[in-house]
Student: 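The following block contains the structure, expressed as structure tokens.
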Amino acid sequence: MRIPERLIVGVLGACAGLTILITLGILYTLASEAVVFFSEVPITDFLTDTQWTPLFTEKHFGILPLLAGTLLTSFIAIFFALPIGLTIAIYLNEYAPRSFAFSIKPILEILAAVPTVVYGYFALTVVTPFLQGFIPGLAGFNALGAGFVMGIMIIPLISSLSQDALYAVPKSLREASYGMGATRLQTAFQVLVPAASSGITVSVILAISRAVGETMIVAIAAGMQPNLTADPTVPIQTITTFIVQISMGDVPHGSLEYRTIFAAGISLFVLTFILNNISFWFKKRYRMKYE
Amino acid sequence: MHKKLEARNVNVFYDQTHVIKDVNLAVEQHSVTAFIGPSGCGKSTFLRLYNRMNDLIEGFRKEGEILIDGRDIYQRDLRVEDLRKKVGMVFQKPNPFPKSIYENVIYGLKIRGVNNKNLLDETVERCLRQAALWDEVKDNLRKSALALSGGQQQRLCIARAIATEPSVLLMDEPASALDPISTSKVEELIYELKSQFTIIIVTHNMQQAGRVSDKTAFFYLGELVECDSTKKIFTNPTDSRTQDYITGRFG
Ligand SMILES: Nc1ncnc2c1ncn2[C@@H]1O[C@H](COP(=O)(O)OP(=O)(O)O)[C@@H](O)[C@H]1O
Ligand SMILES: [Mg+2]
């Protein structure tokens with residue numbers, strides 16, 4: 001190899017190495033602070049206590065309320081985004097003319113590019129007041145509005161990846177179904193969706209990961225009150241928004257209260273790590289099926 | 001004999017390309033007709049006219065008439081789903097659904113809302129028996145169809161195609177992806193099925209055409225050069241192009 005080429009390879013390698021180092025660095029910071037935290041708060045309390053009140057005089061360190069908030073908003077988001085995203089994917093893949101499908105996809109993806117702070121205020125000032133028209137008891141800050149808007153944000157993630165999965169279903173299966181006299185709708189739901197199910201599942205898991213990690217929308221529109229509940233009409237707090245709250249507040253560095261964010265961070269990390277692994281496993285299965 | 005299928009002055013275009021040129025062809029009920037000819041001459045295209053599978057292709061245009069039992073199947077008021085119930089198709093590559101063997105066979109009934117368990121069970125057994133697959137799979141009906149061998153998969157596809165009780169069976173090179181033993185099983189099967197179905201089979205394999213068919217139609221560059229009894233086509237064809245093809249001078 002010539003010198004300049006070697007230089008480039010070296011730089012590229014260094015970049016790759018750097019990302020790994022950064023990841024390890026983050027993990028190290030999280031873990032080392034969390035270890036100190038767990039030396040003061042037993043991990044069983046952390047996992048089983050039903051209250052999260054680290055800033056009160058009567059302190060409780062149960063992650064469950066934050067976990068519940070995170071899962072609730074994510075579930076609401078998926079609840080709206082999956083049917084809509086999948087419908088869009090089926091429509092674009094099976095019904096829409098090719099040229100239309102090609103031009104609509106980038107437009108859809110703009111949804112994912114809207115700054116989340118804009119979504120947050122959209123949830124707070126438009127969606128929640130609108131929903132209050134139907135649901136009288138809906139609080140001004142609530143999981144429903146935030147989750148719904150988060151769902152809008154992840155629609156393109158689901159529709160785009162699901163469309164790829166549907167597209168990858170062999171043409172011969174389509175022909176088999178049409179040849180039996182199935183309609184497009186029957187073909188889509190009885191043959192294509194099942195055949196693409198692992199790809200669709202991957203899209204859903206990635207969307208959940210995205211929703212679990214989402215911060216701004218829930219910080220603005222869902223309230224900041226840890227609340228162990230499945231009720232979508234009341235204020236809640238998610239793991240991410242708690243971290244924001246502490247980081248921006250005046251909690252002294254190095255205190256136990258401050259270290260809670262690392263414990264919360266580790267929980268978040270474990271959650272997304274599990275989700276990513278599930279999606280990785282599905283992807284592998286999916287690839288095997290068509291090779 | 002009853003004229004089951006009839007093509008009258010049929011032309012087919014894909015955009016501007018003229019791929020079927022003024023074809024007239026009548027097919028008798030309960031007979032096996034083989035379509036032969038070099039690849040690209042339009043055999044598949046012509047075959048897929050009978051169940052309107054070409055309708056799915058962008059740029060496809062047809063002129064002339066295709067009649068089944070004297071009725072134009074391209075009429076506006078005819079539902080293509082009903083047509084395909086009566087005209088089954090088996091494809092070149094076995095294409096079972098990634099579902100169980102049982103689910104595969106009943107697909108055509110299920111999409112038509114048949115839910116009667118007894119009827120479905122009976123259909124599965126009858127069709128698998130007819131497709132000469134029953135003995136091999138009867139204990140594993142819930143197993144995935146993808147676990148079957150290629151030859152078994154193709155027989156499953158035949159079972160699936162006859163489950164809606166069609167009267168016509170279209171087969172596009174059904175044995176080209178199979179090993180010799182599976183091929184001969186499928187050929188035997190075609191012979192058996194003749195008593196109930198009107199069968200058209202596209203084949204590249206001259207011996208196969210000779211073994212399974214009553215009539216043979218030779219296509220060349222989109223034209224139907226001649227159609228006659230298989231014996232006549234293979235021993236004493238009228239057209240010199242047919243002669244050249246069956247003696248292997250081209251194609
Ligand atoms: N989907 C299609 N779009 C455009 N042209 C096609 C399409 N399918 C087939 N053709 C053309 O039509 C002609 C006949 O093809 P086909 O019916 O598949 O022939 P065969 O089955 O005899 O090999 C060929 O020239 C082929 O290139
Ligand atoms: Mg062909």
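Below, each value reflects all heavy atoms present in this structure, side chains not excepted, and no hydrogens, waters or symmetry copies.
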Student: Starting from the C-alpha separation in whole Å, work towards a yes-or-no answer on salt bridge (Lys or Arg N to Asp or Glu O under 4.0 Å) for A/R98 and B/E58.
Tutor: CA-CA 10 Å; A/R98 279 275 154 264; B/E58 263 179 69; 6.0 Å; no
Student: Against chain A, work out which of B/N51, B/L56, B/V80 has the most heavy-atom pairs shorter than 4.5 Å and name it.
Tutor: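 Of the candidates given, the most pairs with chain A belong to B/L56.
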Student: Where does the angle between the aromatic ring planes of A/Y91 and A/Y95 fall among parallel (under 30°), tilted (30 to 60°) and perpendicular (over 60°)?
Tutor: parallel
Student: Using a cut-off of under 4.5 Å for heavy-atom pairs, which of B/M53, B/K99, B/K85, B/M89 has the most such pairs with chain A?
Tutor: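 Top option by heavy-atom pairs under 4.5 Å: B/M53.
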Student: Sub-3.5 Å donor-acceptor pair from the side chain of B/E125 to the main-chain atoms of B/C127, do we have one?
Tutor: no
Student: Less than 4.5 Å to any heavy atom of chain A: does that hold for the side chain of B/P96, its backbone, both, or neither?
Tutor: backbone
Student: Using a 3.5 Å distance criterion without hydrogens, assess whether the side chain of B/T198 forms a donor-acceptor pair with backbone atoms of B/H30.
Tutor: yes
Student: Pick one of side chain, backbone, both or neither for B/V90, based on which atoms fall under 4.5 Å of a heavy atom in chain A.
Tutor: neither
Student: In terms of heavy-atom pairs under 4.5 Å with chain A, which of B/R79, B/K93, B/R160, B/E103 leads?
Tutor: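 That would be B/R160.
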Student: Could you tell me which non-hydrogen atom of A/V169 sits nearest to which non-hydrogen atom of A/R174, and how far apart they are?
Tutor: O-NH1, 3.5 Å
Student: Which atoms of B/F97 come close to chain A, meaning under 4.5 Å heavy atom to heavy atom: side chain ones, backbone ones, both, or neither?
Tutor: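 Looking at B/F97, backbone and side chain both touch chain A.
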